[in-house]
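What you see is a predicted model; the values in this text were computed from it and never measured. Proteins come first, then strands; the chains are lettered A, B, ... in the order of their sequence lines, and each starts at number 1.
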Protein chains: 2
Amino acid sequence: MSSISKEAVDRMTRLIGDRDKAECKVNRLRSLTVDLDEEELKAESEIFQAMADPCRLKILSLLRDGELCACEIMIGVDRPQSSTSHHLSILKSAGLIKERKDGRWSKYRLSEGAVIEMLNLAQIMKDSKDERGNSNDKIVKA
Amino acid sequence: MSSISKEAVDRMTRLIGDRDKAECKVNRLRSLTVDLDEEELKAESEIFQAMADPCRLKILSLLRDGELCACEIMIGVDRPQSSTSHHLSILKSAGLIKERKDGRWSKYRLSEGAVIEMLNLAQIMKDSKDERGNSNDKIVKA
DNA sequence: CTTATATATCGAAATGGATGGATATGGTCT
DNA sequence: AGACCATATCCATCCATTTCGATATATAAG
């Protein structure tokens, strides 16, 4: 499908010898990502981007215990008000938290669903990386 | 514990009236994040950071099908060699993929464990955000 | 209407990350 | 040895993000 570049086929041909098979393999590789359109990938990457900050992870942790207003969160993370507000808006537009206006307060809570599982998974991944990191140094066995 | 700033207690006192209770609440908020030391948060955020790029998500998707060499990945994602290599090194040092040297080739595969679940969760989160997104937010940035 | 407070937004500096061409490294083959 | 190739690294440019003080908006209360 779509534009298979001659360059890629050339390179693949050098790799595996047979030009027909090479073209086939390039097609297969390209087709693996055809169903992933750029928009979707970008949307997903934005979710990860929103979690890619220590302060925002701290906020999410705070909210595991229930709803808090921006002011309490600011105290919890110990950052200036404008920074806290900025982080909250990023988390909100990524869909990770929900906002509820209550008088002059903005109260935030975790979105239902996968957020907590995501945090747990990240912790698991970090831990397993720590373990292997020490025993294995840098060389991966052949 | 540790340094409860007078400023935070003042602010909390204004919020809930009673100074003793305020101090107590500040302590509770701070204690929620005491067990999260900065190093750990940073390590976790790096995992998310590594996944916070469309091209890298594409690479991870490619690798769901099995081991590939850098060259094949480069064809799959259709980016210059240096960019591809750069992304691979980020994924590797975040512990999301593993490298195996084989002659002049570097072959990459997903790390065992949580990577795939993470990708699935992200998709679920994106989808549920899309659905709810229409009803509520319209914070599409310009 | 004025004051006070909670939150959002602006603006500018500093930092960080992506990109891709050029070059270096290290393996393979003849 | 030399040629070739896969991959990593270097470097410079560009773009995005973080940070935080200053300011604006909004709501409540006197």
Where do N or O atoms of nucleotides 4-9 of chain D meet protein N or O atoms at under 3.5 Å, pair by pair?
| unit_1 | atom_1 | unit_2 | atom_2 | d |
| --- | --- | --- | --- | --- |
| dT7(D) | OP1 | Ala70(B) | N | 3.4 |
| dT7(D) | OP1 | Ser106(B) | N | 3.2 |
| dT7(D) | OP2 | Cys71(B) | N | 2.7 |
| dT7(D) | O3' | Ser106(B) | OG | 3.3 |
| dA8(D) | OP1 | Glu99(B) | OE2 | 3.3 |
| dA8(D) | OP1 | Tyr108(B) | OH | 2.6 |
| dA8(D) | OP2 | Ser85(B) | OG | 3.1 |
| dA8(D) | N7 | Gln81(B) | NE2 | 2.8 |
| dA8(D) | N6 | Gln81(B) | OE1 | 3.0 |

Polar-atom pairs under 3.5 Å, protein N or O versus N or O of nucleotides 11-16 of chain D: list them with distances, or write none.
none

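Side-chain contact between Phe48(A) and Met125(B): absent, with no pair of heavy atoms (C-beta onward) separated by less than 4.5 Å. Between Leu63(B) and Arg109(B), the closest side-chain pair of non-hydrogen atoms is not below 4.5 Å.
For the pair Leu91(A) CG and dT18(D) P, the interatomic distance rounds to 10 Å; values are reported in whole Å.
Of all nucleotides in DNA chain C having an atom under 4.0 Å from a heavy atom of chain A, the first and last in 5' to 3' order are dT5(C) to dT9(C).
Contacts of Ser106(B) classified as side-chain contact (heavy atoms from CB on, under 4.5 Å), with partners at least two apart in sequence or in another chain: Glu99(B), Lys101(B), Tyr108(B).
Every pair passing salt bridge (Lys or Arg N to Asp or Glu O under 4.0 Å) that includes a residue from residues 7-17 of chain B is listed here, sequence neighbours excluded: Lys6(B)-Asp10(B), Asp10(B)-Arg19(B). The list of side-chain hydrogen bond (donor to acceptor under 3.5 Å, both in side chains) pairs with a residue in residues 62-75 of chain B, not counting sequence neighbours, reads Lys25(A)-Glu72(B), Arg64(B)-Asn120(B), Glu67(B)-Arg100(B).
Between the side chain of Arg56(A) and the backbone N or O of Ala50(A) there is at least one donor-acceptor pair closer than 3.5 Å. Using a distance-only test at 3.5 Å, with no hydrogens or angles considered, a donor-acceptor pair links the side chain of Ser111(A) to the main chain of Gly95(A).
Comment: Glu46(B) does not engage Lys126(A) in a salt bridge, judged by the lack of any side-chain N to carboxylate O separation of less than 4.0 angstrom.
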Take Glu38(B) and Lys58(A) through the salt bridge (Lys or Arg N to Asp or Glu O under 4.0 Å) test and state the conclusion after the steps.
CA-CA 9 Å; Glu38(B) 291 302 321; Lys58(A) 219 180 215 178; 3.1 Å; yes

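Atom CD1 of Ile97(A) is separated from atom OG of Ser89(A) by 8.5 Å, given to the nearest 0.5 angstrom.
One finds no side-chain N or O of Arg79(A) lying less than 4.0 angstrom from the OP1 or OP2 phosphate oxygen of dC20(D).
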